[in-house]
Amino acid sequence: MPELVFFSGTMDCGKSTLALQIEHNRSARGLAGIIFTRDDRAGEGKLSSRLGLVTDAVEVEDGQDLYAYLVEHLSQGGRADYVIADEAQFLAPEQIDQLARVVDDLGMDVFAFGITTDFRSKLFPGSQRLVELADRIEVLQVEALCWCGARATHNARTIGGEMVVEGAQVVVGDVNHSADEVGYEVLCRRHHRRRMTAASARAAALSPDVLPVSTA
């Protein structure tokens with residue numbers, strides 16, 4: 001039976017790499033797929049991995065009907081055996097509904113890849129809808145690590161190495177960025193709560209100040 005599968009994880013855990021691997025494996029067996037993406041780091045209409053792999057994709061626009069796109073593609077003689085949706089957290093909830101309809105009405109597997117929560121540890125609307133509708137949710141087993149070595153579970157937005165907790169939910173950036181740019185860093189829950197990035201941890205280690213110790 002076709003499925004809607006949600007592959008979730010933090011940034012830098014290999015989601016796009018897995019999406020590209022699924023595309024490679026299926027195309028090598030003679031299957032044809034449609035790849036949707038939104039706001040990829042490589043630019044419009046691209047699905048890319050931090051390992052340097054990249055392929056063409058359909059850039060999803062605001063308000064676009066993904067089910068109607070597939071129906072039109074098929075009605076014009078195109079072929080589609082499966083769908084890959086990368087950066088699925090940026091899709092609108094109604095677009096996730098459309099992907100579920102692709103599974104149910106068109107009989108195609110849909111593989112959606114995305115992070116679950118934003119830099120404030122709040123659910124993205126698209127990811128929330130995937131959690132509600134997916135036939136299966138797979139948490140990626142390639143663990144991203146916090147600077148402290150613990151398993152990273154949260155995405156932090158940074159400016160100049162300092163964590164910020166206010167601003168628009170969607171600001172395109174990457175874990176590889178210059179110091180003065182908006183960037184992202186994966187942290188464990190403890191250091192996300194303390195707003196302690198790798199840069200601020202180094203600064204604290206170099207500080208002559210120590211925490212007060214009570215003798216009571």
Side-chain angles (χ1 to χ4, degrees), residues 1-116 124-144 170 172 174:
M1 294 291 291
E3 291 184 306
L4 172 59
V5 186
F6 180 31
F7 294 91
S8 68
T10 62
M11 300 180 73
D12 212 20
C13 74
K15 296 182 299 300
S16 296
T17 301
L18 179 57
L20 288 161
Q21 185 68 54
I22 288 176
E23 162 65 13
H24 170 76
N25 289 351
R26 290 182 171 245
S27 62
R29 295 296 179 263
L31 300 175
I34 296 292
I35 303 175
F36 292 118
T37 191
R38 177 94 189 235
D39 296 331
D40 188 272
R41 69 183 70 84
E44 184 173 335
K46 298 294 181 182
L47 165 57
S48 68
S49 164
R50 291 187 181 87
L51 298 182
L53 305 173
V54 62
T55 192
D56 292 330
V58 176
E59 184 76 15
V60 177
E61 300 177 356
D62 291 338
Q64 183 176 6
D65 188 325
L66 304 185
Y67 177 82
Y69 180 96
L70 265 297
V71 170
E72 182 178 3
H73 175 78
L74 295 171
S75 66
Q76 293 180 351
R79 181 181 170 190
D81 302 303
Y82 61 93
V83 172
I84 291 173
D86 198 34
E87 306 293 357
Q89 72 274 6
F90 296 146
L91 300 181
E94 55 268 26
Q95 291 172 323
I96 302 301
D97 289 340
Q98 293 155 12
L99 291 177
R101 189 180 177 192
V102 168
V103 176
D104 297 338
D105 294 358
L106 301 182
M108 298 181 197
D109 284 316
V110 174
F111 306 103
F113 298 80
I115 59 179
T116 308
F124 281 100
S127 298
Q128 178 178 334
R129 193 63 180 143
L130 275 165
V131 170
E132 293 165 348
L133 290 183
D135 297 294
R136 184 158 49 94
I137 299 173
E138 299 283 350
V139 179
L140 267 66
Q141 297 303 307
V142 178
E143 294 184 349
V170 178
V172 178
D174 200 358

task: Could you grab the distance from atom CZ of F124 to atom CG of L91, nearest 0.5 Å is fine?
output: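 Reported value, rounded in 0.5 Å steps: 11.5 Å.
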
message: What's the separation between atom CE in M1 and atom CG in D109, rounded to the nearest 0.5 Å?
response: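 M1 atom CE to D109 atom CG measures 10.5 Å (nearest 0.5 Å).
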
field: By side chain to side chain donor-acceptor pair (under 3.5 Å) - contacts of E87 (at least two apart)
entry: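 With sequence neighbours excluded, E87 shows a side chain to side chain donor-acceptor pair (under 3.5 Å) to Q89, given in chain and number order.
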
Non-neighbouring partners of Q98 that pass side chain to side chain donor-acceptor pair (under 3.5 Å), sequence neighbours left out: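 Partners of Q98 under the side chain to side chain donor-acceptor pair (under 3.5 Å) test: none.
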
- request: For Y82, enumerate each residue passing the ring-ring contact (aromatic ring centres under 6.0 Å, His included) test, keeping only those at least two apart in sequence or located in another chain.
  value: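 Partners of Y82 by the ring-ring contact (aromatic ring centres under 6.0 Å, His included) criterion come out as none, since no residue qualifies.
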
- request: Could you list the residues that satisfy ring-ring contact (aromatic ring centres under 6.0 Å, His included) with F113, not counting sequence neighbours?
  value: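 Residues passing ring-ring contact (aromatic ring centres under 6.0 Å, His included) with F113: F7.
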
By side-chain contact (heavy atoms from CB on, under 4.5 Å), which residues pair with [X], not counting sequence neighbours?
X	value
D105	Y67, R101
R129	P93, I96, D97, E132, L133
L74	A80, L106, M108

query: Tell me the salt bridge (charged side-chain N to carboxylate O under 4.0 Å, His left out) pairs involving residues 70-79, sequence neighbours left out?
result: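 Only R79-D81 qualify under salt bridge (charged side-chain N to carboxylate O under 4.0 Å, His left out).
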
Below 4.5 Å, heavy atoms only, C-beta onward: do [X] and [Y] meet side chain to side chain?
X	Y	value
R26	I84	no
Y69	I34	yes
L130	L4	yes
I22	L18	yes

Got a list of side-chain donor-acceptor pairs under 3.5 Å for residues 52-60, not counting sequence neighbours?
| unit_1 | atom_1 | unit_2 | atom_2 | d |
| --- | --- | --- | --- | --- |
| D56 | OD1 | K46 | NZ | 2.6 |
| E59 | OE1 | G45 | N | 2.9 |
| E59 | OE2 | D39 | N | 3.0 |

Of all the heavy-atom pairs spanning [X] and [Y], show the shortest one and how long it is.
X	Y	result
S16	D86	OG-OD2, 2.8 Å
S127	I115	OG-O, 2.6 Å
Q95	E61	NE2-O, 3.2 Å
D135	P2	OD2-O, 4.4 Å

message: Could you work out, with salt bridge (charged side-chain N to carboxylate O under 4.0 Å, His left out) as the rule, every residue matching E94, not counting sequence neighbours?
response: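 Listed in chain order: nothing, the list is empty.
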
field: Residues forming a salt bridge (charged side-chain N to carboxylate O under 4.0 Å, His left out) with D65, sequence neighbours excluded
entry: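 Scan of D65 (salt bridge (charged side-chain N to carboxylate O under 4.0 Å, His left out), adjacent residues dropped) gives none.
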
- request: Decide yes or no on side chain to side chain contact (heavy atoms under 4.5 Å, CB included) for R38 and D62, but give the supporting numbers first.
  value: CA-CA 10 Å; R38 177 94 189 235; D62 291 338; 2.5 Å; yes

- request: Show the numbers, then the answer: is there a side chain to side chain contact (heavy atoms under 4.5 Å, CB included) between V110 and F36?
  value: CA-CA 10 Å; V110 174; F36 292 118; over 6 Å; no

task: Evaluate whether atom NE2 of H24 has more than 12 neighbouring non-hydrogen atoms of other residues, nucleotides or ligands under 6.0 angstrom away.
output: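 At most 12 heavy atoms, drawn from other residues, nucleotides or ligands, come within 6.0 Å of this atom.
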
